[in-house]
Amino acid sequence: MSEDLKIIDEVTSGEYKWGFVSNIESENAPKGLSEDIVRFISAKKKEPEWMLEFRLKAFRHWQKMQEPQWANVNYPKVDFQDIIYYSAPKPKKQLNSLDELDPEIKATFDKLGISLLEQKRLAGVAVDAVIDSVSVKTTFRQELSKLGIIFSSFSEAVQEHPELVKKYMGSVVPYTDNFYAALNSAVFSDGSFCYIPKGVRCPMELSTYFRINSAGTGQFERTLIIADEGAYVSYLEGCTAPKRDENQLHAAVVEIYAHTDAQVKYSTVQNWYPGDKDGRGGIFNFVTKRGLCAGERSKISWTQVETGSAVTWKYPSVILKGDYSTGEFYSVALTNNYQQVDTGTKMIHIGKHTRSTIISKGISGGRSNNSYRGLVRIGKQAEKARNFSQCDSLLLGDKCGAHTFPYLECANPTAKVEHEATTSKVGEDQIFYCNQRGISTEDAIGLIVNGYCKEVFNQLPMEFAVEAQKLLAVSLEGSVG
Amino acid sequence: MLNIKNLHASVEGREILNGLNLQVNPGEVHAIMGPNGSGKSTLASVLAGREAYEVNDGEILYHGENLIELSPEERARKGIFLAFQYPIEIPGVSNANFLKTAVNEVRKSKDMDVLDSKDFLKLMKDKMQLVKMDKSMTQRSVNEGFSGGEKKRNEIFQMAMLEPELCVLDETDSGLDIDALRIVSDGINALRDGKRSFIVITHYQRLLDYIVPDFVHVLYKGKIVKSGPKELALELEEKGYDWIKEEVEI
Ligand SMILES: Nc1ncnc2c1ncn2[C@@H]1O[C@H](COP(=O)(O)OP(=O)(O)OP(=O)(O)O)[C@@H](O)[C@H]1O
Ligand SMILES: [Mg+2]
């Protein structure tokens, strides 16, 4: 920040400084968004000056931006002044036993085949000290630190590894990137930070589930993953258990930075509350996920299974800067009832011999709307770049919609780009065939849809894939007719 | 076991079966022949409970129970199996996974324990031998990219896995080469145990050399117009259907 700005800043906000300090005792910020709120958040988190500056810059930029309207989704206008941007992490309400759990959630847990112990953990039932996961987490963390891997909450990283955060934060998704990324940069609550040092192969799937001090999913989560030269990591986000949240608007940012020969595999299963059968309630999920293949031969792959949220707007992307780098996007997006999803990817080819693969499977049931939006951009220098895209849509009824918007910008004649798209319906004859073998219609649809998604599920780590299959079956309920 | 009386059934408002009668006792093999479009596959679909096929009159009793009220999966679980004339492809679902689901659904309905992977694989290995099916087929998606003959063989493999009581085979012989016809027929014969019954729909007497029927019926314009012993098939092979059509028209 320039000296001038700093002075202006101090002068304009001076008045509030005191009020602000007294406010810091309170747990929640008042509703609405202003520079003071941004300062409040930063102070609450005891952040260093440079972090506050980043937030303020982002906020000022955000103020000048317009909410995007181009996605193929409809939702009531979000009143950004009607949101509480900071509330202290609250411990989940403790239940004494699973009997106190909402029967509907309990039923879903059972269908997903989640073990009783796991159910208790997810529902916030106090679990025996012996089997408390804390000890598991500690061993886990020790093992990682032996290898020099840093895996912590974003806030912790800001305090403990400021040089890394400063260097990489915003290097892949600058706060100027888009409306929601700017908003996130200004007010993000917490998230995950992960650094894999040179030549280290992370020996286990890193999952937010194991992260110490994770305060639950915030409304504005921020994740930063850095794989140094030759490093490898597989990162899992999310949880297949149904997640209810009072916050309607979620705007997360995920940044991945891959150095030379590094590989990052990022898998998501997203199952937030999609709203009820009539489309009421439900979460609006506006996410910016992007990876930068900065070094030669680096590789980033995104795998996502999206079944939740009322409105989703999400395009995990890869910038292929290093020569011979690879980007992959595997996606299953299932919509039911009144859900709306506009998802896809962007593959930006800059380096020579860069390759990208896009496999997208959209499934729509009920009265839902499912859009794939993908951009493949081949830059001037991207000699011999290659892309293969396959976008399939499956319709489970006649009241739902599937849309495909592929965009291609190619500035290098040596590039090779292939695109395939299909739209199909679950056939009455397929269902009858299953029925005739003793399989109920509901199970038949589950089987058929899972088969349809196989290419993507094959990319998921084993346990995640199993959970994802069960999740699809549950999400499909009542999808036909 | 199966008793069809005065069955009238229509599809898309068109009556295809009109007054069909057929009785099948345990252990019997009934061959059904008849010109194209006479309603053979329709009968099979009606027995299996396909939704588009509406029963307008008559009754179908299976072990004394009214079959018409049962859903297709309930019928299947009670032991009715249809080997399709045109088996359906299910991309991405392995034959093994498909059959495991099916076998266990049937077992659950009979209050039997579901098979774990180990027992299931063993069962599959046994039954694969029965129709000499290649092991690699079980890992491939259900019928996807199968040749016509492979699909038919797969139907009989599924039948062997599910151990039904009443097997309806709709033109299982069409598409099979000479060796495959013998192998598949041997497989079917191995499943004849004196209790299991078969309705074998075919155009060719050749199949009936292998699977010797107790009765041969001619289906014409939605009715069984002639029934006889296995020799009737030979007569049809020789003379065609015209003489039967004439008999009916008179
Ligand atoms: N879903 C349907 N919609 C319209 N017509 C149908 C349908 N299914 C069957 N039909 C008609 O019913 C009649 C009997 O058909 P079916 O398939 O039962 O004949 P088939 O005896 O099995 O003939 P083939 O020997 O050629 O297999 C035919 O005229 C056919 O066109
Ligand atoms: Mg037929």
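Since the structure is predicted, the reported quantities are computational estimates derived from the model, not experimental observations. Proteins get letters first, then strands, A, B, ... in listed order; numbering begins at 1 in each. Side-chain atoms are counted along with the backbone in the values below, which use heavy atoms only and exclude waters and symmetry mates.
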Which atoms of B:Ile90 come close to chain A, meaning under 4.5 Å heavy atom to heavy atom: side chain ones, backbone ones, both, or neither? both
Side-chain (A:Arg437) to main-chain (B:Ala102) donor-acceptor, under 3.5 angstrom: no
Please say whether more than 12 non-hydrogen atoms of neighbouring residues, nucleotides or ligands are located less than 6.0 Å from CZ in B:Arg196. yes
Looking only at side chains, do A:Tyr433 and B:Asn143 share a donor and an acceptor under 3.5 Å apart? yes
With the side chain counted from C-beta on, respond yes when B:Pro72 and A:Phe432 share a heavy-atom pair under 4.5 Å apart, and no when they do not. yes
Residue of the set B:Thr101, B:Val106, B:Asn104 for which side-chain contact (heavy atoms from CB on, under 4.5 Å) holds with A:Ile439: B:Thr101
May I ask you to check whether over 12 heavy atoms, not counting those of A:Lys265, lie within 6.0 Å of atom NZ? yes
Please identify which of these residues, B:Glu105, B:Glu74, B:Glu73, meets the side-chain contact (heavy atoms from CB on, under 4.5 Å) condition with A:Ser440. B:Glu73
If you compare all heavy atoms of A:Leu447 against all heavy atoms of B:Val93, which two are closest, and at what distance to 0.1 Å? O-CG2, 3.2 Å
Is it the case that the side chain of A:Gln436 and the backbone of B:Ile80 share a donor-acceptor pair, with hydrogens and angles ignored and the cut-off at 3.5 Å? yes
For A:Cys434 versus B:Phe98, what's the shortest heavy-atom pair and its separation? SG-CE1, 3.7 Å
Interface moiety of B:Pro87 toward chain A, non-hydrogen atoms closer than 4.5 Å: both
Would you say that more than 12 heavy atoms from the other residues, nucleotides or ligands in this model lie under 6.0 Å from the CG of B:Asp113, or not? no
Interchain contact, A:Cys453 with chain B, by part (heavy-atom threshold 4.5 Å): neither
So which heavy atom on A:Gly438 is nearest to which on B:Ala76, and how close? N-CB, 3.4 Å
Please state whether the side chain, the backbone, both or neither of B:Glu89 comes within less than 4.5 Å of a heavy atom of chain A. backbone
Which portion of B:Arg50 sits near chain A, non-hydrogen atoms under 4.5 angstrom: both
If you count the non-hydrogen atoms of other residues, nucleotides and ligands that lie under 6.0 Å from CD in B:Glu59, is the total more than 12? yes
B:Val142 versus chain A, the contacting section by heavy-atom distance below 4.5 Å: side chain
Near B:Lys195 NZ, under 6.0 Å, is it more than 12 heavy atoms from other residues, nucleotides or ligands? no
